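In what follows, a structure is listed as structure tokens, so that the remarks can point back to it.
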Protein chains: 2
Amino acid sequence: MLSPVSEPALRERRRRQTEREIADAALDLFERQGVDRTTVDDIARAAGISPRTFFRYFATKEAAALVPHVALDERVERMLAEIGPGRPLLDQLEEVWREVLTAFDDGRSEAGRLMLRVRRLMLAEPALRQAAATLDARRLDDLVARVTSALGLDDDLGPRLAIEASGLAVRVALDRWADAREAGRASDLLETYAGASRHLRTLGG
Amino acid sequence: MLSPVSEPALRERRRRQTEREIADAALDLFERQGVDRTTVDDIARAAGISPRTFFRYFATKEAAALVPHVALDERVERMLAEIGPGRPLLDQLEEVWREVLTAFDDGRSEAGRLMLRVRRLMLAEPALRQAAATLDARRLDDLVARVTSALGLDDDLGPRLAIEASGLAVRVALDRWADAREAGRASDLLETYAGASRHLRTLGG
DNA sequence: CGCCTTGTTGGCAGTCACTGACACAATTCG
DNA sequence: CGAATTGTGTCAGTGACTGCCAACAAGGCG
């Protein structure tokens, strides 16, 4: 059949399970020996699959550790559907980001703890930062186009700068948050983000 | 001798010459067959060197086509020494960028034509954009630290956002410039940059 | 000019990320 | 159950990149 009416439950469940196992193994190995010293074979072995199968789940070894990062992007993408004209774009974007970041509950929720691990790793691993940037870039053009049309504009310059700039604030906030936690200092994610946003708005002095 | 007083002229000249030949070959091949379809062996053959030697000049094949990009970064880095307190940071950064971009003379100077070729390529080649971003990232932390200390601050949040945001405006401007030229539309680089800067300053509405 | 130090090059072998092709096994559907 | 679909492992291959070593070119020095 070309389009199965219902998703077969078992396959779907197993697929998710395997993906999770790979992601766990990758994150764990990256934390313990670093990205460079970890081979795809290592990850595959730890996850109990063949190297070939690894690449059927993730395009690169870095992507395996960035599942939480992608999940965040996807959540933002879904919420972006609600954006429209009437209110300043930056306000709306920041509202979306605040809502998404709130779900991390400052590292107390499961998702939050996971993101903290990933961001800590990213601080020390340029390869991961780069991979994350690549993943983000692929979504960005789509996002910009969608927002531009939702606002009824024909020039995407404004939306592009607003979206990239607000994304920049989030990235910086996540970095500082992870860095502070790594050093044992107290740090509130939403507060950090608010500070970054404020700086962005007052760039002009 | 541990520290030669004067650089031997011949070796230096040859090294520059070889680097230039590799860069030319890489840019040419990338334009004609795309980055993915071009191997290091191709570039090395076209430049008349061995593949092994290629990697003594450039760490990756993408870097070979990004010499102008790096040159721009280096110019900015040198000019950043003049930054100090007293005037709004963003104003000073924009002045640096304007000065550097002016040297391209909107594509009429040799450097300008070259940058236009590189930027056109980058529009179509994600691998090149990514490589450029990686090169930029390596300099960024250094830049931020230098500016932060030049301003006598102990928190780099402001400088980081200002530097990254103004870099963002430049990137967007270069993209639009190359895109317009590619489509045969008229486009002035400095004007485009001015527009992007204005948007950045009025993000808040 | 020979002598020595140092930088440059090419070849070779090796690692590792990633891909296509194929055979086989598990799952789903009728 | 049997047939179609989908997931998996094996294998062979490409291509980026690195370490090592031997040959050679260049510069400094007596």
Side-chain angles (χ1 to χ4, degrees), chain A residues 1-23 25-26 29-30 33-66 125-128 130-131 134-135 138, chain B residues 1-23 25-26 29-30 33-66 125-128 130-131 134-135 138:
Chain A
M1 211 182 279
L2 283 179
S3 58
V5 177
S6 66
E7 275 294 314
L10 185 66
R11 276 201 175 144
E12 189 63 14
R13 241 182 303 136
R14 283 214 177 153
R15 190 163 182 86
R16 280 192 219 281
Q17 177 65 15
T18 304
E19 181 176 308
R20 195 184 181 80
E21 274 163 16
I22 298 174
L29 286 169
F30 287 169
Q33 17 176 308
V35 174
D36 296 343
R37 299 188 159 280
T38 303
T39 68
V40 170
D41 287 40
D42 290 338
I43 303 172
R45 205 174 311 118
I49 55 167
S50 76
R52 187 65 185 87
T53 295
F54 174 92
F55 287 109
R56 293 203 177 92
Y57 282 83
F58 297 101
T60 66
K61 66 172 177 176
E62 288 85 6
L66 293 177
E125 297 280 0
L128 279 188
Q130 189 184 335
T134 301
L135 290 171
R138 200 163 293 139
Chain B
M1 212 183 279
L2 283 179
S3 57
V5 177
S6 67
E7 273 294 312
L10 185 61
R11 276 195 178 149
E12 188 63 14
R13 242 182 304 135
R14 283 214 177 152
R15 193 163 179 87
R16 280 191 217 281
Q17 176 67 14
T18 304
E19 180 176 308
R20 194 185 181 80
E21 275 163 17
I22 297 175
L29 285 168
F30 287 169
Q33 14 175 310
V35 174
D36 296 342
R37 299 187 159 284
T38 303
T39 67
V40 171
D41 287 41
D42 290 339
I43 303 172
R45 204 174 310 119
I49 56 165
S50 75
R52 187 65 186 87
T53 296
F54 174 91
F55 288 108
R56 293 208 176 89
Y57 282 83
F58 297 101
T60 65
K61 65 172 176 175
E62 288 85 7
L66 293 177
E125 297 280 1
L128 278 188
Q130 190 184 332
T134 301
L135 291 171
R138 200 163 295 141

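Proteins get letters first, then strands, A, B, ... in listed order; numbering begins at 1 in each. These numbers were taken from a predicted model, which means no experiment stands behind them.
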>> What is the separation between atom CG on Asp36(A) and atom P on dC17(D), rounded to the nearest whole Å?
In response: 13 Å

> Which listed nucleotide (dT6(D), dA25(D), dA17(C)) is nearest to the side chain of Arg11(B)?
Replying inline: dA25(D)

> Between dG7(D) and Tyr57(A), is there an OP1 or OP2 to side-chain N/O distance shorter than 4.0 Å?
Replying inline: no

> Which pair of heavy atoms, one from Val35(A) and one from Lys61(A), lies closest together, and at what distance?
Replying inline: O-NZ, 3.0 Å

>> In whole Å, I'd like the distance from the CZ atom of Phe58(A) to the P atom of dC18(C).
In response: 13 Å

> Tell me: CD1 of Ile49(A) to P of dA25(C), nearest whole Å?
Replying inline: 20 Å

> Could a donor-acceptor pair under 3.5 angstrom be found where the side chain of Arg52(B) meets the base of dG19(D)?
Replying inline: yes

>> If you assign Arg14(B) and Ala59(B) each to the DNA chain D nucleotide with the nearest heavy atom, which residue ends up on the more 5' nucleotide?
In response: Ala59(B)

> What is the distance from atom CG of Asp36(A) to atom CZ of Phe30(A), rounded to the nearest 0.5 Å?
Replying inline: 9.5 Å

> Ile22(A) CD1 to dG9(D) P: how many Å, rounded?
Replying inline: 9 Å

>> Could you go through Arg15(B) and Arg11(B), starting from their C-alpha distance and side-chain angles, then the distance that decides it, and tell me whether this counts as side-chain contact (heavy atoms from CB on, under 4.5 Å)?
In response: CA-CA 6 Å; Arg15(B) 193 163 179 87; Arg11(B) 276 195 178 149; over 6 Å; no

> Can you check the Glu19(B) CD to dG7(C) C1' distance for me, whole Å?
Replying inline: 16 Å

> How long is the line joining CD of Glu12(A) and P of dT6(D), in whole Å?
Replying inline: 13 Å

>> In this structure, how many angstroms lie between the P atom of dA17(C) and the CD atom of Glu62(A), rounded?
In response: 9 Å

>> How long is the straight-line distance from OG1 of Thr18(A) back to CZ of Arg56(A), given to the nearest 0.5 Å?
In response: 12.5 Å

> Going by modelled atom types, is there a donor-acceptor pair between the base of dG7(C) and the side chain of Arg56(B) at under 3.5 Å?
Replying inline: no

> Phosphate oxygens OP1/OP2 of dG10(C): is one of them under 4.0 Å from a side-chain N or O of Ser50(B)?
Replying inline: yes

> Can you tell me how far P of dG7(C) sits from CZ of Arg13(B), to the nearest Å?
Replying inline: 19 Å

> Quick one: does Asp42(A)'s side chain get under 4.5 Å of Gln33(A)'s, heavy atoms only?
Replying inline: yes

